[in-house]
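Just so you know, residue 1 is the first one in the sequence shown, and it goes up from there. The figures here come from the full heavy-atom set of this structure, side chains too, leaving out hydrogens, waters and symmetry mates.
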Amino acid sequence: MKLVANNKKARHDYFIEETYEAGISLTGTEIKSVRQGRVSIKESFAKIEREEVFIYGMNISPYEQGNRFNVEPLRPRKLLLHKKEIRKLIGYTTQKGLTLVPLRMYINDKGLAKVELAVARGKKEYDKRHDIAKRDADRRMQQAVRR
């Protein structure tokens with residue numbers, strides 16, 4: 001498995017409830033650009049429209065040798081999930097405060113591009129401060145154990 005893009009900020013801004021692995025529908029020049037690692041998912045999110053899941057805000061830079069076959073870098077892209085999983089996601093997103101956020105994008109062993117999609121609940125400012133304080137305390141304990 002080759003990690004292409006990672007959304008570190010998502011774990012800082014959201015509580016992760018559940019994760020799903022989804023395929024992604026790409027054109028030929030887009031997959032070549034993905035294999036070069038020219039992807040950003042920092043500001044992206046997923047939406048369900050007419051029982052289909054689309055990802056918005058994912059930036060895949062144009063392939064250098066793609067010329068006229070390149071497509072718009074920020075276009076919405078379809079995520080490939082089973083119908084049962086989509087229905088489950090519809091149930092989650094109708095609840096107040098839950099959203100769909102991509103955590104990482106990778107190429108699996110078979111050469112297919114996959115997105116790890118999370119059902120997430122937004123954190124408040126005090127939750128973020130609490131997490132930072134806990135992480136600092138854990139780090140101090142580990143340093144004390146090493147000494």
Q: Inspect the surroundings of NZ in Lys2 and state if more than 12 heavy atoms from other residues, nucleotides or ligands are less than 6.0 Å away.
A: yes

Q: Consider only side-chain heavy atoms of I, L, V, M, F, W and Y, link residues closer than 4.5 Å, and tell whether Val39 and Leu80 are in one cluster.
A: no

**Q.** Path from Val53 to Val119 over hydrophobic side-chain contacts below 4.5 Å
**A.** yes

Q) Are any of the side-chain heavy atoms of Ile60 and Arg77 separated by less than 4.5 Å? A) yes

Q: May I ask you to test the Tyr20-Leu79 pair for a side-chain heavy-atom distance under 4.5 Å?
A: no

(Q) Could you walk me through whether His12 and Ile132 satisfy the side chain to side chain contact (heavy atoms under 4.5 Å, CB included) test, starting with their C-alpha distance in whole Å, then the side-chain angles of each, then the deciding distance to 0.1 Å, before giving a yes or no? (A) CA-CA 9 Å; His12 176 71; Ile132 292 169; 4.1 Å; yes

Q: Taking all non-hydrogen atoms of both residues into account, name the closest pair between Ala10 and Val101 and its distance.
A: CB-CG1, 3.7 Å

Q. What are the two closest non-hydrogen atoms of Leu26 and Ala113, and how far apart are they?
A. CD1-CB, 4.1 Å

**Q.** Tyr92 with Ile48, same ILVMFWY side-chain cluster at under 4.5 Å
**A.** yes

Q. Is it the case that one hydrophobic cluster holds both Ile55 and Ile86, taking links as side-chain heavy atoms less than 4.5 Å apart, direct or via other members?
A. yes

Q) In Å, rounded to the nearest 0.5 Å, how long is the span from OG1 of Thr29 to CD1 of Ile31? A) 10.0 Å

Q | same_hphob_cluster(Val34, Tyr63) at 4.5 Å side-chain heavy-atom cutoff | A | no

Q) Does the side chain of Glu17 reach to within under 4.5 Å of the side chain of Gln95, using non-hydrogen atoms? A) no

Q) Rounded to the nearest 0.5 Å, what separation is found between the CD atom of Glu21 and the CG atom of Leu103? A) 12.5 Å

Q | 4.5 Å side-chain heavy-atom contact, Leu117 and Glu85 | A | no

Q) Atom CZ in Phe45, atom NZ in Lys47: separation rounded to 0.5 Å? A) 5.5 Å

Q) Between Glu49 and Phe54, which heavy-atom pair has the shortest distance, and what is it? A) OE1-CD1, 3.9 Å

Q: In sequence, state the C-alpha distance, the side-chain angles, and the governing distance for Thr93 and Leu98, and then conclude on side chain to side chain contact (heavy atoms under 4.5 Å, CB included).
A: CA-CA 5 Å; Thr93 56; Leu98 290 178; 5.7 Å; no

Q: Could you check Val115 against Ile41 for side chain to side chain contact (heavy atoms under 4.5 Å, CB included), going step by step and ending with a plain yes or no?
A: CA-CA 10 Å; Val115 175; Ile41 60 172; over 6 Å; no

Q) Which atoms form the tightest heavy-atom contact between Ile24 and Met105, and what is the distance? A) CG2-CE, 4.0 Å

Q.
What's the separation between atom OG1 in Thr27 and atom CG in Asn70, rounded to the nearest 0.5 Å?
A. 7.5 Å

Q. Any idea which heavy atoms bring Lys114 and Asn108 closest together, and the distance?
A. CE-ND2, 3.6 Å

**Q.** Separation of Glu52 CD from Lys83 NZ (nearest 0.5 Å)
**A.** 9.0 Å

Q. About how many Å separate CE of Met1 and CD1 of Ile107, when rounded to the nearest 0.5 Å?
A. 11.0 Å

Q | Note, Gln65 side chain near Lys32 side chain (heavy atom, < 4.5 Å) | A | no

Q) What heavy-atom pair brings Ser33 and Ser61 nearest, and what distance separates the two atoms? A) OG-O, 2.6 Å

Q. Is the count of non-hydrogen atoms from other residues, nucleotides or ligands lying under 6.0 Å from Lys128 atom NZ greater than 12?
A. yes

Q: Determine yes or no for a side-chain-to-main-chain donor-acceptor pair under 3.5 angstrom, with Asn59 supplying the side chain and Ser40 the backbone.
A: no

Q: Show your reasoning for whether side chain to side chain contact (heavy atoms under 4.5 Å, CB included) applies to Val4 and Arg104.
A: CA-CA 8 Å; Val4 178; Arg104 60 190 179 131; over 6 Å; no

Q: Quick one: which residue pairs count as a salt bridge (charged side-chain N to carboxylate O under 4.0 Å, His left out) with a foot in residues 131-146, not counting sequence neighbours?
A: Lys123-Asp131, Asp136-Arg139

